[in-house]
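Quick notes on the structure that follows.
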Number of protein chains: 2
Amino acid sequence: MSSRGRPVATSHAQIEAVAFRLFAERGFDAVTMADIAAEVGVGRRTLFRYFESKNDIPWGQFDRTLDGFRAILAESPDDLPLADAVQRAVLRFNEYPADSDPPHEQRMRLILETPALQAHSVLRYADWRDVIAEYVAGRLGLQATDTLPRTVGSVSLALAISAYEGWLADPGSDLQTLLEETMTSLRDYLAD
Amino acid sequence: MSSRGRPVATSHAQIEAVAFRLFAERGFDAVTMADIAAEVGVGRRTLFRYFESKNDIPWGQFDRTLDGFRAILAESPDDLPLADAVQRAVLRFNEYPADSDPPHEQRMRLILETPALQAHSVLRYADWRDVIAEYVAGRLGLQATDTLPRTVGSVSLALAISAYEGWLADPGSDLQTLLEETMTSLRDYLAD
DNA sequence: ACACTAATGGCACCGAGCGCCATAAAGATA
DNA sequence: TATCTTTATGGCGCTCGGTGCCATTAGTGT
């Protein structure tokens, strides 16, 4: 319970705050881990104990939110059509408080507009897709490794990213509306 | 048309062949660019003139095939429903000669099973998605940057990757069949 | 023989990332 | 108070991907 040992010198939140400021000022690629460490007032080596890689910094504590995502899916009524249940869960997962820090828009813009982070995102999102695959598999009596559950996970991710791109491209738009429109338009496209 | 200047010391194909052999022997991560250069008998610096990065080696001359993909789409009859036209084009794009070298299966297994390459693939496939977006935009009288064309590109990619994963997981399966099944099962999923 | 051209490859450098380990700073114990 | 234990820090040195610079090589054309 008590806090033995040397106390921590920083925190994920502090590093994140400093890093986002620097990224905004100079751009992601132009900021080195040494820069961030100096600004935080901590050793470079220590940064790598808080974040596995520079690419992981913009993601913050994404992993932790997956439990919430699982919970949202678990709450879905079983009589709701599968595709609707998934769609609603994706919508709810992407409700973010307007005052989050750093701002959700800034975080997503960084991730979606920086090539190195676009690439890295496929690794970070693997677990998110698995959450969907698990749910779909459960509803259909399949394994999460079967093709359909995995496909639904991948396609849901592709749709969500498309919606985010639209959101970032149009400052006045509403993310929830775009997510819904994107999913509906895919249905129309496939059904025509 | 004559060939002035110092003659080339190697070729994309030779580098690719050597690299694939080493990757198979030791695994992608355990092979350094210096290893490949030594085996090819060329300077390390030269490798980076043939391939932008180590991650690009497994992709070979992927860019060149995009013109073929564009041509396939351009040939599609206009009265074919849009989703069917795209589906058929994706199928045809993924017809590979059985004797390609390195084998298509080995290439895709490397790309889809190596985390660093999974991540990098999102950058390589951006142009592929754009080809689809251009076609969809043309058929619908939209811009290629609009949401629906981009969404169709992303979703088509997600489906193709799912199909490839299934293909690699089941040695006896047929890629063309799996591609078709994956696309059809998504329609069922969304329509239920 | 001499100019021209284009590819090579060595060298030095940067930045991410990691293993190793000495050290700092706290609580616990005597 | 002095010592022990625990835990985080951070410096050092290394590997590897990647790049800019530039001298050198090996051809073709005159």
Side-chain angles (χ1 to χ4, degrees), chain A residues 1-16 18-20 22-23 25-59 110-111 114-124, chain B residues 1-16 18-20 22-23 25-61 110-111 114-124:
Chain A
M1 205 59 179
S2 54
S3 65
R4 301 266 306 237
R6 178 174 177 168
V8 298
T10 182
S11 66
H12 287 90
Q14 190 199 357
I15 293 169
E16 217 179 315
V18 168
F20 268 87
L22 294 181
F23 293 156
E25 285 169 14
R26 307 181 213 164
F28 183 80
D29 292 330
V31 176
T32 71
M33 288 298 266
D35 292 337
I36 301 171
E39 196 75 8
V40 174
V42 87
R44 192 181 87 103
R45 190 65 183 79
T46 298
L47 276 200
F48 285 102
R49 293 211 177 84
Y50 282 79
F51 292 93
E52 280 189 24
S53 73
K54 183 184 171 187
N55 286 339
D56 283 310
I57 296 180
W59 287 94
L110 185 62
I111 291 172
T114 306
L117 297 177
Q118 288 170 23
H120 187 68
S121 72
V122 68
L123 304 179
R124 292 303 306 252
Chain B
M1 285 315 90
S2 53
S3 64
R4 307 259 309 227
R6 179 174 176 169
V8 298
T10 181
S11 66
H12 287 90
Q14 191 199 356
I15 294 170
E16 216 178 317
V18 168
F20 266 87
L22 294 181
F23 293 156
E25 286 169 12
R26 307 181 213 165
F28 183 79
D29 292 329
V31 177
T32 72
M33 288 297 265
D35 292 338
I36 300 171
E39 196 76 7
V40 175
V42 87
R44 191 180 85 103
R45 189 66 184 79
T46 298
L47 276 201
F48 285 101
R49 293 211 177 83
Y50 282 80
F51 292 93
E52 279 190 23
S53 74
K54 184 184 170 188
N55 287 339
D56 283 309
I57 296 180
W59 288 94
Q61 304 294 76
L110 185 62
I111 290 172
T114 306
L117 298 176
Q118 288 170 23
H120 187 67
S121 73
V122 69
L123 303 179
R124 292 305 306 252

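Every chain is numbered from 1 and lettered A, B, ... according to where its sequence line falls, protein lines coming before strand lines.
- Put simply, the side chain of Arg26(A) reaches to within 4.5 Å of the side chain of Asp35(A), judged on heavy atoms.
- One atom, NE2 of His120(A), and another, C1' of dG17(C), lie 13 Å apart when rounded to the nearest Å.
- The distance from atom CD1 of Ile36(B) to atom CD1 of Ile15(B), rounded to the nearest 0.5 Å, is 8.5 Å.
- Here the CH2 atom belonging to Trp59(A) is positioned 10.0 Å from the CG atom belonging to Leu123(A), to the nearest 0.5 angstrom.
- Note: CG (Asp35(B)) to C1' (dC16(D)) measures 10 Å, nearest angstrom.
- Side-chain contact between Leu117(B) and Arg124(B) is absent, with no heavy atoms from C-beta onward closer than 4.5 Å.
- Rounded to an integer number of Å, the gap from CE of Met33(B) to C1' of dG9(C) is 14 Å.
- Two residues are said to be in side-chain contact when any heavy atoms from C-beta on lie closer than 4.5 Å; Ile57(B) and Phe28(B) fail this criterion.
- Between the CD atom of Glu52(B) and the C1' atom of dT19(D) there is a distance of 12 Å, rounded to whole Å.
- Residues His120(A) and Ile111(A) have side chains not in contact (no heavy-atom distance under 4.5 Å, counting atoms from C-beta outward).
- Taking atom CG of residue Asp56(B) and atom C1' of nucleotide dT19(D), one finds them 15 Å apart after rounding to whole Å.
- Distance Lys54(A) NZ to dC18(C) C1': 17 Å, rounded to the nearest Å.
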Given protein heavy atoms under 4.0 Å, the one-letter contact record of nucleotides 6-12 of chain D, with B base, S sugar-phosphate only and - none, is simply BBBBBBB
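- Atom CG of Asp29(B) is separated from atom P of dA16(C) by 19 Å (rounded to the nearest Å).
- Remark: P of dC13(C) and CZ of Phe48(B) are 18 Å apart, rounded to the nearest angstrom.
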